[in-house]
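All remarks here apply to the structure that follows.
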Amino acid sequence: MGTGGPRRGEGPPDGGWGWAVLGACFVVTGFAYGFPKAVSVFFRALMRDFGAGYSDAAWVSSIMLAMLYGTGPVSSVLVARFGCRPVMLVGGLLASAGMVLASFARRLLELYLTAGVLTGLGLALNFQPSLIMLGLYFDRRRPLANGLAAAGSPVFLAALSPLGQQLLERFGWRGGFLLLGGLLLHCCACGALMRPPGPGPRRGGSAGAAREAQAEAEAARRGLSPSAAPAGPARRRLLDVAVCADRAFAVYAVTKFLMALGLFVPAILLVNYAKDAGVPDADAAFLLSIVGFVDIVARPACGALAGLARLRPHVADLFSLALLANGLTDLSSARARSYGALVAFCVAFGLSYGMVGALQFEVLMAAVGAPRFPSALGLVLLIEAVAVLIGPPSAGHLVDALKSYEVIFYLAGSEVVLAGLFMAVATNCCLRRAQDAPPRPGTEGGASDSEDAEAEGDSEPLPTPEPGVPEALELLSPGAGPSEPEVEAEPEPGLDPESV
């Protein structure tokens, strides 16, 4: 716990204890993404006991997802202040307590506050720190590691949905919530595994280790020696909102907002859609398991594919294709009513959904770089929370009003297709065109505005980075190629003119 981050010249270990961290991230990701969807098997029982409509019951999953995403900046600040391990331990306790208290709820409002707000907050305090820690342990194998960690979502979805149905039949929704609350205590065990990487001699608190790791990574990216990295909390911002000025981040944030409006709607509505179509309850719950089984294969395979040398610079294009495939699957399956047609939809949806899940965080790190990833992740999750609060509840209202699911699939599919088209057009026509344009005279070597802001306050020229020190954005910007010749217009050392 007391060890610091990776020193300059060493880099992430790409293995070792990182495999234990990867396993913990697998479990946490599974709970974070699978749990809000698996809770949907209890909706009919909640509607019956509380005399509510489907949209009222759907708010439980929506609030849980909104807390998971909306508290991203809070999680970023807490991780920077206290470190990953304490934040995850507290998060596991909150997630478990939320479901236990929800089992005693007598009103829908109490259910929203416990299962929605409290459990969602606990999952958020586990999810984001686990991704940050995974990025500290993997660099060369990071696409594969992200794909394997993301596979936790389908694995847990495939397991939690039938488990929830069995608990509902045997113990009712109250007993099911109580037992699921005990299951969430596994998040605490995962948090205990989050030991920051680094050599043994350096000691200090986990908060100091996390701060040192990020400061040294920033120093390495800009060509500074580790001793020149800003030291102490006074020199470090807990949340770097300046990342919002980065054009690549802005494109990614808009894409995620459009994507979140429709991506989760089919999965949340699927079980009840099948039940209303006359499919037996057990078979309807198994549909989510089919999505999960296909997703299990899709995520690691897509992560390994994105890690290939020829494809890694084009990870943003792969992400766009995955979004288009997912949206078109929704559109083509809007009229599926038979069980065979629903199974075919689940297979196609699982493939495209797995590709999206495996690539989304790799694309974000490619856009902003590893040092700014914690802040960028928190801000993106906050933006995504707004979309999640709009999407599923609106779909529930439409189901109650129209008594039909067909329009919902058309609407959700159109939103995801729009997200894929926007990502593809913006990446290829805006970002890469700006990268390929020759630097203008007197523009600091063609560096972007966000990089100028990042270097603000450095009055003296920085030393050129030594060979062998990886540049964070060199590996991560889409379509990055060999560096262009330097322009003699006071270029800022340590920054790649082609980066966005």
Side-chain angles (χ1 to χ4, degrees), residues 1 3-6 10-34 68 72 75-76 78-80 83-89 91-92 123-156 186-198 206 209-210 212-214 216-217 299-300 302-304 306-307 312 315 354 356-378 380-381 470 472 475-476:
M1 176 101 180
T3 56
E10 292 185 1
D14 273 310
W17 188 253
W19 298 117
V21 172
L22 176 59
C25 193
F26 175 91
V27 174
V28 169
T29 303
F31 277 123
Y33 278 116
L68 173 65
S75 184
S76 295
L78 291 176
V79 167
C84 291
R85 181 183 286 177
V87 173
M88 291 184 67
L89 290 173
L123 292 175
L125 295 182
N126 275 271
F127 176 58
Q128 188 172 340
S130 68
L131 291 179
I132 294 172
M133 189 61 68
L134 190 68
L136 291 178
Y137 272 95
F138 290 93
D139 180 22
R140 182 175 55 87
R141 295 176 176 171
R142 194 180 65 242
L144 176 61
N146 280 329
L148 291 173
S153 173
V155 170
F156 275 66
H186 285 84
C187 293
C188 296
C190 295
L193 296 175
M194 295 298 167
R195 183 185 68 200
S206 63
E212 287 181 30
Q214 198 169 19
E216 289 182 3
R299 297 201 184 209
C302 187
R312 192 169 184 182
V315 66
V356 172
L359 296 174
Q360 57 180 340
F361 298 115
E362 178 66 22
V363 173
L364 177 59
M365 192 172 287
V368 301
R372 294 190 295 175
F373 178 71
S375 296
L377 178 61
V380 164
L381 292 179
L475 292 176
L476 301 170

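No hydrogens, no waters, no symmetry mates; every other heavy atom, side chains included, goes into these values.
Ring-centre distance between W19 and F26: not below the 6.0 Å cut-off. For F127 and F361, the ring centers sit closer than 6.0 Å to each other.
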Evaluate the side chain to side chain contact (heavy atoms under 4.5 Å, CB included) criterion for residues L364 and F373: first the C-alpha distance (whole Å), next the side-chain angles of each, then the deciding distance (0.1 Å), finally the verdict.
CA-CA 7 Å; L364 177 59; F373 178 71; 3.7 Å; yes

Do M88 and V28 pass the side chain to side chain contact (heavy atoms under 4.5 Å, CB included) test, and can you show the C-alpha distance, the side-chain angles, and the key distance before you say yes or no?
CA-CA 10 Å; M88 291 184 67; V28 169; 3.8 Å; yes

Full working for side chain to side chain contact (heavy atoms under 4.5 Å, CB included) between L22 and L148:
CA-CA 8 Å; L22 176 59; L148 291 173; 3.9 Å; yes

Just do the side chain to side chain contact (heavy atoms under 4.5 Å, CB included) check on C187 and V27 with the steps written out, would you?
CA-CA 8 Å; C187 293; V27 174; 5.8 Å; no

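The main-chain N or O of M194 is never found under 3.5 Å from a side-chain atom of W17 such that the two would form a donor-acceptor pair. One N or O on the side chain of R85 and one on the backbone of A192 form a donor-acceptor pair closer than 3.5 Å.
Scanning all heavy atoms of the two residues, the minimum distance from S75 to P129 falls at OG-CD, 3.6 Å. Residues G91 and N126 approach most closely at C-ND2, 3.1 Å, considering heavy atoms. In terms of heavy-atom proximity, V87 sits nearest to L125 at CG1-O, 3.5 Å.
R312 has its side chain within reach of E362: a pair of non-hydrogen atoms, C-beta onward, lies under 4.5 Å apart. Side-chain contact check for S130 versus C84: every heavy-atom pair is 4.5 Å or farther apart.
Here the CG-SG distance, from L89 to C188, works out to 6.0 Å after rounding to the nearest 0.5 Å. Residue T29 holds its OG1 atom at 11.0 Å from CG of L123, rounded to the nearest 0.5 Å. Distance check: L134 CG to C25 SG gives 4.5 Å after rounding to the nearest 0.5 Å.
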